[in-house]
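Okay, structure first, notes after.
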Amino acid sequence: MDFTNPLVYGVPVFIAFILVELTYSKTHGDDHIYEWKDLAASGFMGIGSAILGPLFKVIFMVVLFNATYNLFNPETIDGVRTNILGYQSFGYAWYVWLLCMLADDFTYYWFHRANHEIRILWAAHIVHHSSDNFNLGTAIRNGWFTILYKPLFYMWMPAIGFPPEMVIVCLGIEALWQFQLHSQYIPKMGFLEKILNTHTMHQVHHAQNVEYLDKNHGGFLNIFDKLFGTWKEYDEEIEVKYGVIHAPNSYNPIVILTHEFKDIWNDVKKVDKLSHKLMYIFGPPGWSHDGSTMTVKQQQAEFKEHKKKGFAFKRPN
């Protein structure tokens, strides 16, 4: 069966919703939500992703997913595909679509979490978090280098029998949901907060407050965050500060796209031990061989200890 990636229709919708939110914020006293230079930088990177996506990610995904599917699900004599484990490969029944979306959401969680916990991946993903603003414009502020490795996380899905085009459609649906999460105008959603990854939960994810760091990596659902210990509820008593601790401090898209890679290179050059070099590349962001910087887990452990004793927590530079 042939399907169209939902993102083909999503792009004009993204632009329209950004313009609506931008207009509403500027006419209702919320000037702080959008900054023109910041929006221009996000727009430039969004346009770049829209151009590079079809050229690399979609083509790469189609080739990779089809090759994986054909390898692990060869055709039998009757033209029926059978997985190498012995069961018939999945079709297009409605419940298979639901299972595929669940598998996609599970994969998205681990892909997203890896982007926060492995520094070389964080260097590509930090682009999305580099804005001090949280709005629908920020939603399209995507790093270009994630295109190169994101499909690798999803290879297992066609391998076990999900048709490649089904996986690609589910990826597109996930991206549409992720876009609309980037708004401060949607309040808590009652009962749905128990199941879905909502707008307030995603505000937590984009915050640089110590207690909020590396939380709420989910796509549609929050169940995987709850299962694997990364869920955090939005606390209205906490003043949210958006962005990243080590910001690029620039509206230049090239600087935004590459500043963390440059920092990794500088860290690698300053140490001699191979194990230290590898940790600066593949270890968690903030790891240092001399303790001069702290990982998120170290910061949060110290934050809890300071809070217990009634002391203020101050991050190391």
Side-chain angles (χ1 to χ4, degrees), residues 5 7-8 10-23 25-26 31-61 111-112 114-116 118-151 171-172 174-176 178-184 202-203 205-208 213 241-268 280-281 285-286:
N5 190 328
L7 286 180
V8 172
V11 173
V13 175
F14 292 171
I15 296 172
F17 273 87
I18 290 170
L19 292 175
V20 168
E21 186 183 59
L22 172 63
T23 302
S25 68
K26 295 300 182 183
D31 287 350
H32 63 282
I33 291 181
Y34 276 91
E35 295 178 19
W36 293 111
K37 289 183 179 179
D38 183 76
L39 177 60
S42 296
F44 181 90
M45 285 175 283
I47 292 170
S49 295
I51 294 171
L52 294 173
L55 289 177
F56 292 98
K57 185 170 68 175
V58 173
I59 294 174
F60 181 33
M61 274 198 298
F111 160 73
H112 197 177
N115 280 330
H116 283 256
I118 300 172
R119 192 178 180 191
I120 191 66
L121 302 187
W122 173 240
H125 183 62
I126 192 175
V127 174
H128 181 62
H129 286 265
S130 60
S131 173
D132 293 335
N133 301 299
F134 184 81
N135 52 51
L136 293 178
T138 303
I140 62 172
R141 189 188 187 100
N142 293 315
W144 298 351
F145 300 110
T146 56
I147 291 169
L148 301 175
Y149 61 86
K150 182 175 182 178
L171 274 160
E174 186 92 57
L176 294 176
Q178 282 293 307
F179 166 79
Q180 60 86 39
L181 287 179
H182 295 79
S183 178
Q184 298 182 46
H202 206 59
Q203 289 180 54
H205 180 71
H206 272 260
Q208 59 171 291
L213 292 174
K241 184 177 182 182
Y242 299 109
V244 291
I245 299 169
H246 299 291
N249 296 320
S250 174
Y251 295 116
N252 185 327
I254 303 304
V255 173
I256 295 171
L257 285 165
T258 62
H259 75 279
E260 183 66 14
F261 289 104
K262 182 180 178 181
D263 289 346
I264 290 175
W265 175 242
N266 289 335
D267 286 337
V268 167
Y280 275 121
I281 298 171

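From a predicted model like this one, the values you see are computed outputs, not experimental measurements.
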Run the side-chain donor-acceptor check on residues 249-257: report pairs under 3.5 Å with partners two or more places apart or on a different chain.
{"residue": "Ser250", "atom": "OG", "partner": "Asn252", "partner atom": "N", "Å": "2.9"}
{"residue": "Tyr251", "atom": "OH", "partner": "Glu35", "partner atom": "OE1", "Å": "3.3"}
{"residue": "Asn252", "atom": "OD1", "partner": "Ile254", "partner atom": "N", "Å": "2.9"}

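The two residues Ala123 and Ile264 come nearest to each other via the heavy atoms CB-CD1, 3.9 Å. Scanning all heavy atoms of the two residues, the minimum distance from Ser49 to Gly143 falls at OG-O, 4.4 Å. Scanning both residues, Asn133 and His32, for their nearest heavy atoms gives OD1-O, 3.2 Å.
Side-chain atoms of Gln184 come within 3.5 Å of backbone N or O of Phe134 as a donor-acceptor pair. A donor-acceptor contact shorter than 3.5 Å is absent between the side chain of His129 and the backbone of His125. Looking at Thr146, its side chain never comes within 3.5 Å of a backbone N or O of Ala124 through a donor-acceptor pair.
Taking the side chain as every heavy atom from C-beta outward, Asn142 and Val127 never approach each other to under 4.5 Å. Tyr34 is listed as a side-chain neighbour of Leu136, based on a closest heavy-atom distance under 4.5 Å. His128 places a side-chain heavy atom less than 4.5 Å from the side chain of His206. A 4.5 Å side-chain heavy-atom check between Gln180 and Leu176 finds every atom pair outside the cut-off. Contact annotation: the side chain of Trp122 never approaches that of Asn115 to less than 4.5 Å [non-hydrogen atoms, C-beta and beyond]. Using a 4.5 Å cut-off on side-chain heavy atoms (C-beta onward), His182 and Ile140 make no contact. Side-chain contact check for Ile120 versus Phe261: some heavy-atom pair is nearer than 4.5 Å.
With rounding to the nearest 0.5 Å, the separation of OG1 in Thr138 from CG in Asp132 is 9.5 Å. Between the CZ atom in Phe145 and the CD atom in Glu260 there is a gap of 12.5 Å [rounded to 0.5 Å]. Between Gln203 atom CD and Ser183 atom OG the span is 8.0 Å, to the nearest 0.5 Å.
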- Could you walk me through whether His205 and His116 pass ring-ring contact (aromatic ring centres under 6.0 Å, His included), step by step? CA-CA 11 Å; His205 180 71; His116 283 256; 4.6 Å; yes
- Determine, step by step, whether Tyr280 and Asn266 satisfy the side-chain hydrogen bond (donor to acceptor under 3.5 Å, both in side chains) criterion, reporting the C-alpha distance in whole Å, the side-chain angles of both residues, the deciding distance to 0.1 Å, and the verdict. CA-CA 10 Å; Tyr280 275 121; Asn266 289 335; over 6 Å; no
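No side-chain donor from either of Tyr242 and Asn135 sits under 3.5 Å from a side-chain acceptor of the other.
Using a cut-off of 4.0 Å between Lys/Arg side-chain N and Asp/Glu carboxylate O, Asp38 and Arg141 are scored as salt-bridged.
Partners of Asp267 according to the salt bridge (charged side-chain N to carboxylate O under 4.0 Å, His left out) rule, which considers only residues two or more places apart in sequence or in another chain, are Arg119, Lys270.
Stacking of Lys150 on the aromatic ring of Trp144 is not recorded, the 6.0 Å distance cut-off and the 45° axial limit not both being met.
In the displayed structure, Tyr149 atom OH is contacted under 6.0 Å by more than 12 heavy atoms of other residues, nucleotides or ligands. Atom NZ of Lys26 sits in a crowded spot, with more than 12 heavy atoms from other residues, nucleotides or ligands closer than 6.0 Å.
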